[in-house]
Amino acid sequence: MTDCHGDGEGDRSPLELYEQLAAQGDEVRVLKRGKAEEADVAAAVQLLLKMKVNYKQLTGQDYKAGCPPSENSVAPDDRKAADGATSEDTVDPWNVSTDSAKGVDYDKLIVRFGSSKVDKELVDRIEKVSGQKPHHFLRRGIFFSHRDMHQVLDAYEKHKSFYLYTGRGPSSEAMHVGHLIPFIFTKWLQDVFDIPLVIQLTDDEKYLWKDLTLEECHRFAVENAKDIIACGFDVNKTFIFSDLEYMGASPEFYRNVVKVQKHVTFNQVKGIFGFTDSDCIGKISFPAIQAAPSFSSSFPQIFKGRKDIQCLIPCAIDQDPYFRMTRDVAPRIGYTKPALLHSTFFPALQGAQTKMSASDANTSIFLTDTPKQIKNKVNKHAFSGGKDTVEEHRKYGGNPDIDVAFMYLTFFLEDDEQLEKIRQDYLSGALLTGELKKLLIETLQPIISQHQERRKQVTAETVKEFMTPRPLNFNL
Ligand code: TRP
């Protein structure tokens, strides 16, 4: 499908490619500074990213401005799997898989999806505009891709605020640690920018896709809301809603759903989501329901009827198809396109070839797991990048890039220096797999038990408060 070859880049030397990359980087900067057309900047950035991917394939190194390729550059051993030349990673709302033990090739995904990379410049800018140290999910490339973040920050600097929208498909009572990632990050964004947040619980979606009753899906929505609330959201700034409840309660929301439905054809959703003639019509029209919260007029009680407040959606990259569609229809129905911040996937215990799944207990660490279960799961199932014997490990060192315990630490260990020391020690062989796993266990156990404590405090009354349509504490 996506073809990075055939443009002659295969014939160039690493140095030539490096020089072209540097020139393209300059080009992008000039365009951005000159406030060029959005599409022109995007095209130049796409080309730059594509060249970076090719550069990495050719040299085995990441492109760094000011650092020409070293003489003896070689592609990594696992190049065949990592470059995806033999097969393409699968990333859509229902499937995530790759052949590479390192996980999905996210640079390639940016090129394929046409989004932009969260680069150092953007992270620095978020720091400047918010006045806060960037969250480690930003510092470490966990939220790695975006759409229109610069526009959101430009407006914010001019005192034009925005709101946050994220969501969850309640397919079971059990949530795992991976599900927390977007919520932890959304909470941080809400705190540093002090803005309203809406959270959609798509109980309707799960009813349409899974073998569950409406009652079950709705009950899961309410149960999941408790875990979401336990992340620490402020009831005065946050509205959580179940589609099954809110669609019937809000004419404004339903009007936006119908507007989207009128402007997207069956052919388009077939192309975006792969629906077929035998999918039920509920699935075919569902994307309009996930699109509607991207428009402030869907929440008149919060935005006082204003339809021009920009939306920012933090989500895992597999949700992007919904929002590509949303961004496509937005101008045609008189609305602003939502901006996005995309995260990588939280890997399964068995390895980064796929993400954690709530339906297989052994691939995941659940928010209900006891300290002992956490310990056993990590020790027994976490895929290790260590060597087979202690002797070999001491001699050759481990590979943190494919080690699941290390990957989980990048999500949950906040201290950058400590993390880097662990990485170095693992690489050198000074740190053994068992010791690395122990560090992860000791990091996760308190996080999970504190979550359980906070969840216990969430009463039915609190859930009701969050889920009641009402004004929030903002002057717009
Ligand atoms: N479809 C998502 C899921 O199955 C739930 C969802 C709805 C969502 N709206 C969202 C996720 C907005 C992220 C952002 O999990």
Side-chain angles (χ1 to χ4, degrees), residues 91-93 106 109-110 113-118 122 126 130 135 137-138 142-156 160-169 178-202 205 228 231 233 237-241 243 246 253 256-257 260 264 272-273 286-299 302-303 307-331 333 335-345 472:
V91 176
D92 65 40
Y106 290 106
L109 214 53
I110 288 176
F113 283 11
S115 58
S116 306
K117 193 175 172 96
V118 171
L122 178 58
I126 292 175
S130 71
H135 193 276
F137 290 171
L138 280 172
I142 288 171
F143 275 79
F144 72 104
S145 153
H146 77 100
R147 295 184 190 276
D148 282 349
M149 264 315 282
H150 283 289
Q151 184 194 310
V152 167
L153 295 171
D154 286 343
Y156 189 81
K160 249 188 91 185
S161 201
F162 60 101
Y163 73 100
L164 297 164
Y165 157 39
T166 190
R168 147 125 191 107
H179 291 135
L180 290 183
I181 304 305
F183 294 107
I184 292 172
F185 187 62
T186 301
K187 158 110 175 83
W188 181 81
L189 287 170
Q190 184 183 39
D191 287 347
V192 304
F193 289 107
D194 191 26
I195 42 178
L197 162 65
V198 297
I199 300 175
Q200 178 178 46
L201 302 172
T202 51
E205 177 190 18
I228 294 169
C231 292
F233 292 107
K237 297 178 181 175
T238 309
F239 174 47
I240 304 179
F241 63 99
D243 284 345
Y246 191 60
F253 188 90
N256 280 338
V257 170
V260 175
V264 181
I272 302 172
F273 300 97
F286 173 76
I289 302 175
Q290 183 152 334
S294 316
F295 309 126
S296 62
S297 59
S298 296
F299 308 97
I302 301 172
F303 301 109
K307 58 173 204 174
D308 61 336
I309 301 183
Q310 164 118 56
C311 174
L312 168 62
I313 307 171
C315 63
I317 186 88
D318 62 336
Q319 296 298 306
D320 189 65
Y322 285 110
F323 302 118
R324 283 205 293 272
M325 183 200 82
T326 308
R327 286 169 54 86
D328 190 55
V329 286
I333 56 177
Y335 293 144
T336 316
K337 291 180 182 186
L340 286 137
L341 271 169
H342 300 119
S343 73
T344 62
F345 303 111
L472 297 177

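Given the structure is predicted, the values throughout are model-derived calculations rather than measurements.
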Can you tell me if Gln190 and Thr238 form a side-chain donor-acceptor pair at under 3.5 Å? yes
Under the salt bridge (charged side-chain N to carboxylate O under 4.0 Å, His left out) criterion, do Lys337 and Asp328 qualify, and how do the steps go? CA-CA 8 Å; Lys337 291 180 182 186; Asp328 190 55; over 6 Å; no
Give the intermediate values and the outcome of side chain to side chain contact (heavy atoms under 4.5 Å, CB included) for residues Lys117 and Leu122. CA-CA 9 Å; Lys117 193 175 172 96; Leu122 178 58; over 6 Å; no
Any non-hydrogen side-chain atom of His146 less than 4.5 Å from a side-chain atom of Ser116? yes
If every non-hydrogen atom of Phe183 is compared with every non-hydrogen atom of Cys231, which pair is closest and at what distance? CB-SG, 4.0 Å
When you look at Thr186 and Leu197, which way does the side chain to side chain contact (heavy atoms under 4.5 Å, CB included) test go after all the steps? CA-CA 8 Å; Thr186 301; Leu197 162 65; 3.5 Å; yes
Would you say Phe233 and Ile240 make side-chain contact, with heavy atoms under 4.5 Å? no
Only one of Phe295, Tyr156, Phe303, Phe193 passes ring-ring contact (aromatic ring centres under 6.0 Å, His included) with Tyr163; say which it is. Phe303
Where is the tightest heavy-atom contact between Ile317 and Ser145, given as atom of each residue plus distance? CD1-OG, 4.1 Å
Scan side-chain atoms only and decide if Ser297 and Tyr335 contain a donor-acceptor pair under the 3.5 Å cut-off. yes
Ignoring hydrogens and geometry, is there a side-chain-to-backbone donor-acceptor pair from Gln319 to Asp92 under 3.5 Å? no
Contact summary for Pro182 and Gly178, nearest pair of heavy atoms: CD-O, 3.9 Å
Salt bridge (charged side-chain N to carboxylate O under 4.0 Å, His left out), that's the test. Do Asp148 and Arg327 meet it? Break it down for me. CA-CA 11 Å; Asp148 282 349; Arg327 286 169 54 86; 2.9 Å; yes
Can you confirm if the NZ or CZ of Arg147 lies within 45° of the ring axis of Phe323 and under 6.0 Å from the centre of its six-membered ring? no
CG-CZ distance between Asp318 and Phe113, expressed to the nearest 0.5 angstrom: 8.5 Å
Taking the six-membered ring for Trp, are Phe144 and Phe137 ring centroids under 6.0 Å apart? no
Relative to the ring of Trp188, is the ring of Phe185 parallel (under 30°), tilted (30 to 60°) or perpendicular (over 60°)? parallel
Quick one: pull up CZ in Phe162 and OG in Ser296 and give me the separation to the nearest 0.5 Å. 13.5 Å
Asp243 and Glu205, any side-chain heavy atoms less than 4.5 Å apart: no
Is a side-chain donor-acceptor pair under 3.5 Å present for Asn256 with Ser298? yes
Should Lys187 and Asp191 count as an ion pair when the cut-off is N to O under 4.0 Å? yes
Once you measure the plane-to-plane angle for Tyr322 and Phe286, does it fall in the parallel (<30°), tilted (30-60°) or perpendicular (>60°) bin? perpendicular
Nearest 0.5 Å please: distance from the OG atom of Ser130 over to the CG atom of Leu153. 8.5 Å
Do Pro293 and Phe253 touch side chain to side chain, with heavy atoms closer than 4.5 Å? yes
Out of curiosity, Phe273 CZ to Arg324 CZ, how far, rounded to the nearest 0.5 Å? 8.0 Å
Answer yes or no: is there a side-chain heavy-atom contact under 4.5 Å between Val198 and Leu164? no
Are the side chains of Thr202 and Arg168 in touch, meaning some heavy atoms are under 4.5 Å apart? no
Go through it in stages, so that I can follow the logic: the residues are Tyr165 and Leu312, the test is side chain to side chain contact (heavy atoms under 4.5 Å, CB included), and I'd like the CA-CA distance, side-chain angles, deciding distance and then a yes or no. CA-CA 6 Å; Tyr165 157 39; Leu312 168 62; over 6 Å; no
Taking all atoms of both residues into account, what is the closest heavy-atom pair of Ile289 and Gln200, and its distance? O-NE2, 3.0 Å
Run the side chain to side chain contact (heavy atoms under 4.5 Å, CB included) test on Val118 and His342 for me, step by step, so that the C-alpha distance in whole Å, both residues' side-chain angles and the decisive distance to 0.1 Å come before the verdict. CA-CA 9 Å; Val118 171; His342 300 119; over 6 Å; no
Are Val260 and Thr326 close enough that some pair of their side-chain heavy atoms sits under 4.5 Å apart? no
Looking at side-chain heavy atoms only, is the closest gap between Ile313 and Ser294 below 4.5 Å? yes
To the nearest 0.5 Å, what is the distance between OH (Tyr246) and CZ (Phe239)? 5.0 Å
